[in-house]
Undergrad: 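I have a structure here, written as structure tokens, and I will follow up with some questions on it.
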Amino acid sequence: MASGQAIDAPRGTFFKLDPNELVLIEDKKHPRYDRRVELPLTEAFVMNLYNFGVKIHVKGRKDGKLPDGRDRIEVVDGRRRTRGLCEANRRRVADGLDPWLCPVDLEKGSDADMDALMVLGNNNRVDDDLITSAEKAARLIELHGEEKT
């Protein structure tokens, strides 16, 4: 283990960024367009982000420069989280609360690597069935009360 390093593992690169500054591909002709970017956000999803922020990092990559010279960060995986956090932050600011920053893992690779990351990120997810979801909610309420759900 390296001296002063708490965990014997490679380090990564992630940043906490304003979600409004992240680039979401909305052009249907773009190779990394994903129609999920157009799905409506549920109230439960937005309120979860309002209360807790984004906990599963968004994947992004540098894709050119913004007019002010900063790096342009394109979202490769996590479009819905990014959109949801923008809405949650709009509400937080209206309520006098500080907005959340979005944790973004910067990925390196070719366009083909980014295309694969986008496709595989969604295809490998498995949603909880109704029973599992209810059991988790009941356990959370039992342990911490209804305020955390």
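Throughout, residue positions are numbered sequentially from 1 according to the sequence presented.
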Undergrad: So, using ring-ring contact (aromatic ring centres under 6.0 Å, His included) as the criterion, who are the partners of Phe15 when residues are at least two apart?
TA: none

Undergrad: Just jot down the side-chain contact (heavy atoms from CB on, under 4.5 Å) partners of Asn48, sequence neighbours excluded, or say none.
TA: Phe52

Undergrad: Quick one: list whatever passes side-chain contact (heavy atoms from CB on, under 4.5 Å) with Arg70, sequence neighbours left out.
TA: Glu21, Leu66, Asp68

Undergrad: List the residues meeting salt bridge (Lys or Arg N to Asp or Glu O under 4.0 Å) with Arg91, not counting sequence neighbours, and say none if there are none.
TA: Glu43, Glu87

Undergrad: Can you run down the salt bridge (Lys or Arg N to Asp or Glu O under 4.0 Å) pairs that involve residues 44-55, sequence neighbours left out, and say none if there aren't any?
TA: none

Undergrad: Without swapping roles, check the side chain of Trp100 against the backbone of Leu49 for a donor-acceptor pair under 3.5 Å.
TA: yes

Undergrad: Show which residues join Val93 in its hydrophobic cluster (side-chain heavy-atom contacts under 4.5 Å, direct or indirect), or state none.
TA: none

Undergrad: For residues 45-54, which residue pairs qualify under salt bridge (Lys or Arg N to Asp or Glu O under 4.0 Å), counting only residues two or more places apart or in two chains?
TA: none

Undergrad: Identify, with sequence neighbours excluded, every residue that meets salt bridge (Lys or Arg N to Asp or Glu O under 4.0 Å) alongside Asp105.
TA: Lys59

Undergrad: Under the salt bridge (Lys or Arg N to Asp or Glu O under 4.0 Å) rule, collect the residues that match up with Lys65, sequence neighbours excluded.
TA: Asp71

Undergrad: Does Asp98 have any side-chain contact (heavy atoms from CB on, under 4.5 Å) partners at least two apart in sequence or in another chain, and if so, which?
TA: none

Undergrad: Kindly indicate whether the side chain of Ile73, heavy atoms from C-beta on, has any atom under 4.5 Å from the side chain of Val23.
TA: no

Undergrad: For Arg32, which residues count as a side-chain contact (heavy atoms from CB on, under 4.5 Å) partner, sequence neighbours excluded?
TA: His30, Arg61, Glu74, Arg79, Asp111, Met114, Asp115, Met118

Undergrad: May I ask you to list the residues sharing a hydrophobic cluster with Leu97, side-chain cutoff 4.5 Å, ordered by chain and number?
TA: Met47, Tyr50

Undergrad: What pair of heavy atoms forms the shortest contact from Val37 to Arg83, and how long is it?
TA: O-NH1, 2.9 Å

